[in-house]
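Worksheet for the structure shown next.
Just so it is clear: chains get the letters A, B, ... in the order the sequence lines come, proteins before strands, and each one is counted from 1.
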Amino acid sequence: MAVFKKLVRSAEGAKVPHNKNTENCETVKMPVPSRVYISMQQHIGAPAKACVKKGDEIKVGDVIGTAGGFISADIHSSVSGKVFAVDEMLFPNGAKVQTVVVDTDGLQTVSENIKVPVVTDHASFVQAVKDSGLVGLGGAGFPTSVKLAPRNLDEVDTLVINAAECEPYITADYREMMENGEDVVEGAKAVKQYLNLSKVIIGIEANKPQAIEKMKNLTASLEGFTVATLPSVYPQGAEKVLIEQVTGKEVPQGALPASVGVIVMNVASVGFIARYLKTGMPLVTKRITVDGDAVAKAQNVEVVIGTQVKDVIEFCGGYSQEPGKIIYGGPMMGTALTSDEMPIIKQNNAVLVFGKEKAVMPAINPCIRCGRCISACPMGLAPVEIALALSVKDSEELKALCVDLCMECGSCSFVCPAKRPVAQTMKEAKDFLRKADKKN
Amino acid sequence: MKLVVSSSPHITGKETTASIMQKVVIATVPAIIASVLVFGFRALLLTAVSVASCVAFEYLYEKLLKKPITVNDFSAVVTGILLAFNVPSTLPIWMVVVGAAVAIVVVKQLFGGIGFNFANPALAARIILGLSWTSQMTAWVFPKTFSGDAVASATPLTAYANGAGEMPNILDMFIGTTGGVLGETSALALLIGFVFLVATKVISPVIPVTYVATVAVLAVFLRVDPVVYVLGGGLLLGAIFMATDYTTSPYTAKGKIIFGIGMGVITVIIRRYGSMAEGVSYAILLMNLVVPYINRCTRQRPLGAPKKVKEAK
C-alpha cells in the first residue's frame, strides 16, 4: 500500500528540472590536445603510483600508474607522446595528486601491450576488468574489479544496471544506450555469465522513452533481462534508492548492495566492459556532456582522459559569456572547480559551465520548519533535526538520526524554501560524527 | 578567471519562504471578501490595520535590536490577516493593534523570530485578547442572513451550546452569513483557500482533514450535531490556516495525523463538556506545545536502518 509506505518514509525526492538539452547530440570525438594531464587519483581509494618519468616515450594504453592498494586502479596513457613532467596538481577537494603531464605527438600510436584478454571464468574476468582500469563511471569511481568480486559471490544473483541518469543536463549515459546499446547488452551478458547471475535489470528514468524502447528491443529475447521504467524524480540513480525501486530490497545501513544479492553498475561501465573484452583497449577516453549557459555549443564529446577543461570548452566553441562556475558532473552532486585547467578524469560524465548569474546561490534565510527536507530525503532522514543536533554537537542524537546514511544527493537543499545549504550541513554532521566516533 | 566554488547542489527550487507566504495570503482572499460581504467595510479596515501593525511591529523590533529585517518574507502579513480573522467586526481598532503587538513581539520575535515561535502568533494573540477583553471579543453583530431570518444568537455554535432558539440553516453556515469572528463564518471561502493551498503544495491536507474528521466522528459519537460542530464555529479557519502553521505543527506524516486527531479530541471535549462554546483555539494551542514530542516519536525509518531506531538518551 503506497499510502502506508509514505507513512514509514515519504522519500519524495526533488522535482529537479531535467534540462536534457543535449539528448539528441550525437557524440563528437574531440581531437587530441597538445598536452594532457593524467591524474593518478581517478577513483575512490588509494591513488595510483606513477611508473613513468620525465622524458619517457609512451603510447596509447601503456600503464603509466599502478594501483596503489586493493581499492585502487591502474592508470593508462590516453595518448602517445613524451612525458613532460610528473608533477603534483591541486584537485578541487583540496588534495595534492600526482599527475603525469604528457606532450602528445598526435599520432595516437597504440601500445604493443594491448591484446584481447582471454576470459574463461570469474577469476580471469575480474582480472581483465582490473587490467582495463575500469572504475564506476556514474561518478563515484569505485574500482569495478573490486565490486565484481564480492565476498558472498554465491549469494549475489542480480545485476542492476544504473541508467537512471537523474542529474539535470547530463545525457552521456543516454547517448551510451542510443549509440552503444549493443555494447551495454554484451557487457551485461558477460557480467551475468562470469558472476553466474540469474537476473539483469536495466533501470531507466521515464524521461528517456527512446532508450527504454531500444533496450527493451535489444533484450527481448534474452533470458533474465528486464528493463525497468523509473519515475523521473531525482535521485532515482542513487544506488540504494534504485535497488529498492527495482527489487523492493533495502540495503541495510552500513552494508553493500551485495548483502542483498545485488550488484549495481553504471550503464557506461557495462558498455565499456564489452568493448574492452573485444579490443583490449583500456579506459582511456570518456564521453562527457558539455552544457550550461556559458558554453557556446552544448554537446556530448568524447575526450581522451587528461584533457583540460579549457580545451574541452574551446572545442565546444569557447565561453559564450564570462564563466562564474564550472562543475565536474551534474548540478546536484557535482564539484565546483577552482580553475578551468583541471583535467577530465575517468568518472567525469559532464562539464557544466554557468555564467555569473547562475554561479551564486541565493541568500540564506531562517529555517521555517516546513519539513520539506524531510519529505524530500530519499533515505528518509530528517535534515532539520540533524542540523539541530549538529548545532548542539550531540553525536548520540546524530547517530540515532542515522546521519551516516546521507549520500549528499542535495535534494534537501534543492527543496528548502529558506535556501539553506542543508546538504552542506549534512556533510558537516557526518564529518562531525565520524570524528566523534574516532575519539571514543 | 574568477570562479565561484561552493558546495553542491548548485541549483535550487523556485519555492521561497516569501513565495509560500504569498500563496497563504492569496488563499485568505476569499475569506477576506466573504468577511467584507457579511460584516461590511469595517472588516476590511480591521484587516488592514492588523496587517499594517504586524508588519510595523516586526520592522521596528528588528530595527531596534539590529537584527536582519525580515518583513519581505510576508510572514508578518500572514499573521496580520489571521489575527484579523480571529476578531469580531465590532472590536475597537486599538485592540487589534495590541493583538498585533502580542502576536509579533511577544509570541514570535521574543522567541527568536520566524521558525522559532512555540505557538501560532495570531492564535496566541486571539486567546490573550479574548481573556483580556472578553465582552468585546464576543460582541457579535447580526449579519443579514441568506435565508432572510434574523439569527437569535451570536455564533451558531454558541446558540447550539446554549440550546437557545433557532439555529441558522446549513446554507447560511456554509456561505457564512452568521455571527462570528471575521474569518470563520464562511466555510465556502475557507474551503476555496484550502483547495488552493493543497493544490499549490503549500500545505499537506493531512492536518485539516484528520482534525475535521475527528471532530465530525466524535460529534456523531457523542450525539451532537456534526454539521454545527464542523461549520458553526472556528473549526475550518483553525484547521486550514492556524493548525497548518509550519513551525508549530509536526513535520512528519505520522505526526500530522496524531496532531490532527489530538486537536479534534480536545476541541470536542471543550465544546461538549467545557464551559466555553468554542474550543478550537485552545485545542490548537495545547497541541502546539507538544509538537516537539510528536516529531520525536514519529520519526521516519530511514532506508536500510534497523526496524526500531534506538532513541538517543
- Message: Less than 3.5 Å apart, any donor N or O on the side chain of A:Lys419 or B:Thr16 sitting next to an acceptor on the other?
- Response: no
- Message: With a 4.0 Å cut-off on N to O distance, would you call B:Arg299 and A:Glu385 a salt bridge?
- Response: yes
- Message: I'd like to know if B:Glu15 pairs up with A:Lys15 as an ion pair, taking the criterion as any Lys NZ or Arg NE/NH1/NH2 lying under 4.0 Å from an Asp or Glu carboxylate oxygen.
- Response: no
Side-chain heavy-atom pair [X], [Y] within 4.5 angstrom cut-off:
{"X": "A:Lys427", "Y": "B:Ser8", "answer": "yes"}
{"X": "A:Cys367", "Y": "B:Ile114", "answer": "no"}
{"X": "B:Thr12", "Y": "A:Pro362", "answer": "yes"}
{"X": "B:Pro302", "Y": "A:Arg9", "answer": "no"}
{"X": "A:Glu322", "Y": "B:Lys2", "answer": "no"}

Segment of [X] engaging chain B (4.5 angstrom heavy-atom cut-off):
{"X": "A:Met379", "result": "both"}
{"X": "A:Cys416", "result": "backbone"}
{"X": "A:Leu381", "result": "both"}
{"X": "A:Val260", "result": "neither"}
{"X": "A:Cys370", "result": "both"}
{"X": "A:Ala382", "result": "neither"}
{"X": "A:Pro378", "result": "backbone"}
{"X": "A:Ser339", "result": "backbone"}
{"X": "A:Tyr319", "result": "side chain"}
{"X": "A:Pro252", "result": "both"}
{"X": "A:Leu405", "result": "side chain"}
{"X": "A:Gln424", "result": "both"}

As an exercise: rank [options] by heavy-atom pairs under 4.5 Å with chain B and give me the winner.
{"options": "A:Gly334, A:Cys377, A:Pro17", "result": "A:Gly334"}
{"options": "A:Glu250, A:Lys249, A:Gln253", "result": "A:Glu250"}
{"options": "A:Pro331, A:Gly371, A:Gly410", "result": "A:Pro331"}
{"options": "A:Gly324, A:Cys409, A:Pro421, A:Ala11", "result": "A:Gly324"}
{"options": "A:Val16, A:Ile326, A:Val415", "result": "A:Ile326"}

- Query: Looking only at heavy atoms, which two atoms of B:Leu3 and A:Pro323 are closest? And how far apart?
  - Reply: CD2-O, 3.9 Å
Kindly check if the number of other-residue, nucleotide or ligand heavy atoms within 6.0 Å of [atom1] ([X]) is above 12?
{"X": "A:Glu314", "atom1": "CD", "answer": "no"}
{"X": "A:Lys356", "atom1": "NZ", "answer": "yes"}
{"X": "B:Lys201", "atom1": "NZ", "answer": "no"}
{"X": "B:Phe118", "atom1": "CZ", "answer": "yes"}

- Query: Ignoring hydrogens and geometry, is there a side-chain-to-backbone donor-acceptor pair from B:Arg301 to A:Val8 under 3.5 Å?
  - Reply: no
Can you measure from [atom1] ([X]) to [atom2] ([Y]) and round to the nearest 0.5 angstrom?
{"X": "B:Asp245", "Y": "A:Arg369", "atom1": "CG", "atom2": "CZ", "value": "11.5 Å"}
{"X": "A:Tyr169", "Y": "B:Ile11", "atom1": "OH", "atom2": "CD1", "value": "6.5 Å"}
{"X": "A:Leu352", "Y": "B:His10", "atom1": "CG", "atom2": "NE2", "value": "9.0 Å"}
{"X": "A:Ser375", "Y": "B:Gln300", "atom1": "OG", "atom2": "CD", "value": "7.0 Å"}
{"X": "B:Thr17", "Y": "A:Asn365", "atom1": "OG1", "atom2": "CG", "value": "5.0 Å"}

- Query: Do we get A:Arg372 above B:Tyr251's six-membered ring, with its NZ or CZ under 6.0 Å from the centre and within 45° of the axis?
  - Reply: no
- Task: Against chain A, label B:Ile203 side chain, backbone, both or neither, depending on which of its atoms sit under 4.5 Å from a heavy atom there.
- Result: neither
- Region of B:Asp73 in contact with chain A, defined by heavy-atom distances below 4.5 Å: neither
